[in-house]
Trainee: 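My structure is below; once you've seen it, I'll send some questions.
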Amino acid sequence: MIITEMSRVECMALLSAQRVGRLGCSRNGQPYVVPITFALEGNHLYSFSLTGQKIDWMRVNPLVCVQADEFGQHGEWRSVVVNGTFEELPDRIGWKHARDHAWSLLSTHANWWEPGGLKPAPEGPTPHLFYRVIIETMTGRRAVAE
């Protein structure tokens with residue numbers, strides 16, 4: 001296999017094609033990684049979640065990363081890591097357009113609310129929210145057969 005760097009255009013193409021990634025956040029030096037669904041538009045990754053640990057942690061430390069990948073035949077793969085800043089899209093005056101826009105992007109795909117919209121049953125109902133990751137930097141690599 002040959003490992004090569006991906007251009008920004010190639011990274012954006014992979015993010016546009018994928019719907020599931022892994023979000024990394026940290027608090028007090030402890031990392032936390034969870035799967036999320038997302039939609040890319042411009043310089044933002046839009047997502048949805050119930051409140052809980054990741055939201056609590058991102059409110060304290062908005063610096064996050066998102067990783068998305070794709071596996072092909074014969075061991076080939078592509079992977080992108082985005083470093084960015086969490087921005088909550090609250091249900092308040094002044095944010096309606098951004099929230100509606102996030103919903104319109106995400107809802108074009110089946111089961112767009114999973115995994116962020118589900119929690120174990122005993123926890124009961126919790127508030128949901130939309131958020132976006134403002135892309136600061138991104139890197140991508142691919143492995144191709146020789």
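The chain is numbered in sequence order, starting from 1. Reckoned from all heavy atoms, side chains included, excluding hydrogens, waters and symmetry mates.
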Trainee: According to a hydrophobic-cluster definition based on side-chain heavy atoms being under 4.5 Å apart (Ile, Leu, Val, Met, Phe, Trp, Tyr only), do Ile55 and Leu63 belong together?
Mentor: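 No: no chain of side-chain contacts under 4.5 Å links Ile55 to Leu63.
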
Trainee: Between atom CG of Leu14 and atom CG of Asp69, what is the distance when rounded to the nearest 0.5 Å?
Mentor: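 The CG atom of Leu14 sits 7.5 Å away from the CG atom of Asp69.
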
Trainee: Do you know the tightest heavy-atom contact between Pro90 and Trp95?
Mentor: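 That would be O-CB, 3.1 Å.
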
Trainee: Output yes when Glu10 and Arg142 qualify as a salt bridge under the 4.0 Å nitrogen-oxygen rule, no when they do not.
Mentor: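 A salt bridge links Glu10 with Arg142.
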
Trainee: When clusters are formed by joining ILVMFWY residues with side-chain heavy atoms under 4.5 Å apart, either directly or through shared neighbours, do Val66 and Tyr32 land in the same one?
Mentor: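 Yes, it is one cluster - the side chains of Val66 and Tyr32 are joined through contacts under 4.5 Å.
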
Trainee: To check you understand the geometry: which heavy-atom pair defines the closest contact between Val33 and Arg22, and what is its length?
Mentor: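 Distance-wise, the nearest heavy atoms are CG1-CB, 3.8 Å.
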
Trainee: Assess whether side chain to side chain contact (heavy atoms under 4.5 Å, CB included) is satisfied between Met138 and Met12, documenting all intermediate values.
Mentor: CA-CA 9 Å; Met138 76 175 80; Met12 295 293 274; 3.3 Å; yes

Trainee: Taking the side chain as C-beta and beyond, is there a heavy-atom pair between Leu106 and Phe130 under 4.5 Å?
Mentor: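 Side chain of Leu106 against side chain of Phe130, heavy atoms only: contact under 4.5 Å found.
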
Trainee: Decide whether Val34 and Phe86 are clustered together by the hydrophobic rule: side chain heavy atoms of Ile, Leu, Val, Met, Phe, Trp, Tyr closer than 4.5 Å, transitively.
Mentor: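 In one cluster: yes.
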
Trainee: Taking C-beta and beyond as the side chain, do Ser47 and Val133 meet within less than 4.5 Å on heavy atoms?
Mentor: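 Of all side-chain heavy-atom pairs linking Val133 with Ser47, none is under 4.5 Å.
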
Trainee: Are Leu45 and Ile135 side-chain neighbours, meaning at least one heavy-atom pair lies under 4.5 Å?
Mentor: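 Contact flag for Leu45/Ile135 side chains = yes.
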
Trainee: Once the angle between the rings of His97 and His101 is folded into 0 to 90°, is it parallel (under 30°), tilted (30 to 60°) or perpendicular (over 60°)?
Mentor: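 It falls in the parallel class, under 30°.
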
Trainee: Evaluate the side chain to side chain contact (heavy atoms under 4.5 Å, CB included) criterion for residues Ser49 and Ile36: first the C-alpha distance (whole Å), next the side-chain angles of each, then the deciding distance (0.1 Å), finally the verdict.
Mentor: CA-CA 8 Å; Ser49 181; Ile36 62 166; over 6 Å; no

Trainee: So, for Ser26 and Pro31, which heavy atoms are closest and what is the spacing to 0.1 Å?
Mentor: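 That closest heavy-atom pairing would be CB-CA, 4.1 Å.
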
Trainee: What are the two closest non-hydrogen atoms of Tyr131 and Glu88, and how far apart are they?
Mentor: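 Closest approach of Tyr131 to Glu88, heavy atoms only: CB-CA, 4.0 Å.
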
Trainee: Could you walk me through whether Trp77 and Ile3 pass the side chain to side chain contact (heavy atoms under 4.5 Å, CB included) check?
Mentor: CA-CA 9 Å; Trp77 53 265; Ile3 308 294; 3.6 Å; yes

Trainee: Hey, are the side chains of Met1 and Glu76 touching, using non-hydrogen atoms and a 4.5 Å cut-off?
Mentor: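 Touching, per the 4.5 Å side-chain cut-off.
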
Trainee: Do you know the tightest heavy-atom contact between Ala102 and Leu89?
Mentor: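 Looking at all heavy atoms of both residues, the shortest contact is CB-CD1, 3.9 Å.
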
Trainee: Taking atom OH of Tyr46 and atom CD of Glu87, what is their separation to the nearest 0.5 Å?
Mentor: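 Answer rounded to 0.5 Å: 8.0 Å.
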
Trainee: Under the side chain to side chain contact (heavy atoms under 4.5 Å, CB included) rule, what do Val60 and Asn28 come out as? Steps first, then yes or no, please.
Mentor: CA-CA 10 Å; Val60 171; Asn28 299 327; 6.0 Å; no

Trainee: Can a donor-acceptor pair be found, under 3.5 Å and without considering hydrogens, that links the side chain of Asn83 to the backbone of Thr137?
Mentor: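 Answer holds: no.
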
Trainee: Taking the side chain as everything from C-beta on, heavy atoms only, tell me whether Gln67 gets closer than 4.5 Å to Ser79.
Mentor: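 Answer yes - side chains close enough.
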
Trainee: Membership question, hydrophobic clusters at under 4.5 Å side-chain separation (ILVMFWY): are Val64 and Ile134 in the same one?
Mentor: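 No: no chain of side-chain contacts under 4.5 Å links Ile134 to Val64.
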
Trainee: Test of understanding: clusters of I, L, V, M, F, W, Y form through side-chain heavy atoms closer than 4.5 Å, transitively. Do Leu129 and Met58 belong to the same one?
Mentor: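 Yes, Leu129 connects to Met58 through the hydrophobic network.
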
Trainee: Could you give the distance from CZ (Arg99) to CZ (Arg92), rounded to the nearest 0.5 Å?
Mentor: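 Output value for this atom pair is 10.0 Å.
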
Trainee: Would you say the side chain of Leu23 lies within less than 4.5 Å of the side chain of Phe38, judging by non-hydrogen atoms?
Mentor: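 They are not in contact (no side-chain heavy atoms under 4.5 Å apart), so the answer is no.
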
